[in-house]
Amino acid sequence: MRSWQYDEFRHCGVDYSQVEQAEAYDEQHQQFRDYGKEFRGMLEFLDLRDPTDKTVIDLGCGTGATALLAAAMFKTVYAVDVSHAMLERARAKADRNTRNITFVKAGFLTYDHGGEAADLVITKAAFHHLPDFWKQIALLRMNGMMKTGGQLYIHDVVFQFDPRHYAGKIDAWIARFAAVAGGKFTAEVETHIRDEYSTFGWILEKMIANAGFIVEKVTSDDGFVTEYACRKVADVGLGETA
Ligand SMILES: C[S@@+](CC[C@H](N)C(=O)[O-])C[C@H]1O[C@@H](n2cnc3c(N)ncnc32)[C@H](O)[C@@H]1O
């Protein structure tokens with residue numbers, strides 16, 4: 001690794017390398033998330049009716065909220081995360097008979113996909129861990145892991161509001177979040193805004209286009225949590241890998 005390379009294993013903001021964080025994750029998140037409903041919603045959003053012959057890579061898979069459900073439907077699943085602790089939780093939850101899922105300790109900038117080119121790359125609530133420059137590099141790397149015509153699903157906090165009103169927008173969003181997820185989560189959301197790297201929609205959309213994708217669908221109910229359905233339309237060929 002070059003000395004200027006971003007170290008994606010050094011967690012920014014919430015530290016998912018901590019065993020306690022990984023152990024508490026599902027209980028905390030299931031207070032405001034329904035993994036099954038989210039998964040079905042994602043398939044519908046992507047218009048994916050029969051994924052049984054498809055290969056998917058989940059980058060930043062965490063405790064397997066999506067990857068484990070995908071294993072029951074997709075042909076092959078690669079579940080990738082920089083946190084050993086999060087991957088261990090995902091592994092522990094995997095059914096002993098689930099043979100079509102491979103867990104890999106790596107990240108957006110370090111995962112080398114050796115398998116069949118993917119039909120679908122997903123990343124959920126993880127992309128904001130990279131600063132913008134490295135998001136662009138990550139998108140170029142994703143392009144290299146996929147078939148042309150394949151889909152990219154990004155689900156993350158992406159700022160869609162007018163930045164002139166940022167303080168009120170952020171305060172209101174945190175208050176709405178606290179009402180749904182409980183006060184305990186407020187500090188985590190504040191950490192997200194302060195120490196992690198969520199960016200503007202117009203920046204992310206330009207980076208997606210630069211990396212050989214078109215955005216087919218975008219939706220955000222609250223100006224923060226955003227879903228993108230993208231399609232790879234060109235092989236961009238990353239000249240050099242770090
Ligand atoms: C909020 S959790 C989301 C986990 C899961 N996708 C979900 O929907 O529950 C963020 C995850 O991103 C992982 N992560 C952070 N930086 C990463 C990187 N550079 N590459 C891959 N995963 C990363 C963390 O270890 C953590 O498991």
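Worth saying up front: this structure is predicted, and the values here are computed from it rather than measured. Order of appearance sets the numbers: ligands from 1, and atoms from 1 within every ligand.
- Counted within 6.0 Å of CG on Asp221, heavy atoms from surrounding residues, nucleotides or ligands total 12 or fewer; the atom is thus considered open.
- Applying the 4.0 Å criterion to heavy atoms of Lys124 picks out, from ligand 1, the atoms 3 (C), 5 (C), 6 (N), 8 (O).
- Both the backbone and the side chain of Phe108 come within 4.0 Å of ligand 1, counting heavy atoms alone.
- Contact analysis puts Val82 in contact with ligand 1, with a non-hydrogen atom separation below 4.0 angstrom.
- Contacts of Cys61 with ligand 1, taken as heavy-atom pairs under 4.0 Å, involve the backbone alone.
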Inset, instruction - With salt bridge (charged side-chain N to carboxylate O under 4.0 Å, His left out) as the test, would you mind laying out the steps for Asp47 and Arg49 before giving the verdict? - result: CA-CA 6 Å; Asp47 207 14; Arg49 287 190 196 122; 2.8 Å; yes

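- Protein heavy atom closest to atom 22 (N) of ligand 1, with residue, atom name and distance, is Gly60 CA, 3.3 Å.
- No chain of hydrophobic side-chain contacts below 4.5 Å, direct or via other Ile, Leu, Val, Met, Phe, Trp or Tyr residues, connects Leu120 to Ile208.
- For the residue pair Asp81/Ser83, the side-chain donor-acceptor check at 3.5 Å is not satisfied.
- Side chains of Thr63 and Asp26: a donor-acceptor N/O pair is present below 3.5 angstrom, by distance only.
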Inset, instruction - Go through the steps for Leu59 and Val121 under the test side chain to side chain contact (heavy atoms under 4.5 Å, CB included), then give the verdict. - result: CA-CA 7 Å; Leu59 294 170; Val121 170; 3.8 Å; yes

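- Of all atoms in ligand 1, numbered sequentially from 1 with element shown, those under 4.0 Å from a heavy atom of Gly107 are 20 (N), 21 (C).
- Annotation: Ala65 places no N or O atom under 3.5 Å from an N or O atom of ligand 1; distance criterion only.
- Atoms of ligand 1 found under 4.0 Å from any heavy atom of Gly62, numbered from 1 in the order shown, are 4 (C), 27 (O).
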Legend entry - Chi angles and distances behind the side chain to side chain contact (heavy atoms under 4.5 Å, CB included) call for Gln160, Trp202: CA-CA 8 Å; Gln160 309 289 355; Trp202 52 270; over 6 Å; no

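- Follow the hydrophobic side-chain contacts under 4.5 Å out from Val225 and you never reach Ile122; the two are in separate clusters.
- Atom 10 (C) of ligand 1 has its closest protein heavy atom at Ala125 O, 3.3 Å.
- The atoms of ligand 1 that sit less than 4.0 Å from any heavy atom of Glu8 are 18 (C), 19 (N), 20 (N).
- In this structure, atom 12 (O) of ligand 1 lies nearest to the protein heavy atom Ala126 CB, 3.4 Å.
- In summary, the atoms of ligand 1 found under 4.0 Å from a heavy atom of His11, numbered by their order in the structure, are 25 (O).
- Not a single N or O atom of His129, backbone or side chain, sits closer than 3.5 Å to an N or O atom of ligand 1.
- Annotation: atom 24 (C) of ligand 1 to nearest protein heavy atom, Asp81 OD1, 3.5 Å.
- A donor and an acceptor atom, one from each side chain of Glu196 and His128, are located under 3.5 Å apart.
- Not a single heavy atom of His155 sits less than 4.0 Å from an atom of ligand 1.
- Taking the ring axis of Phe108 as reference, the NZ or CZ atom of Lys135 does not stay both within 45° of it and closer than 6.0 Å to the ring centre.
- Assignment of Tyr25 to the shell around ligand 1 is supported, since a heavy atom sits closer than 4.0 Å.
- Checked against a 3.5 angstrom limit, the closest N/O atoms of Arg33 and ligand 1 fall inside it.
- Remark: side-chain polar atoms of Lys124 are not paired, donor with acceptor, to backbone N or O of Cys61 under 3.5 angstrom.
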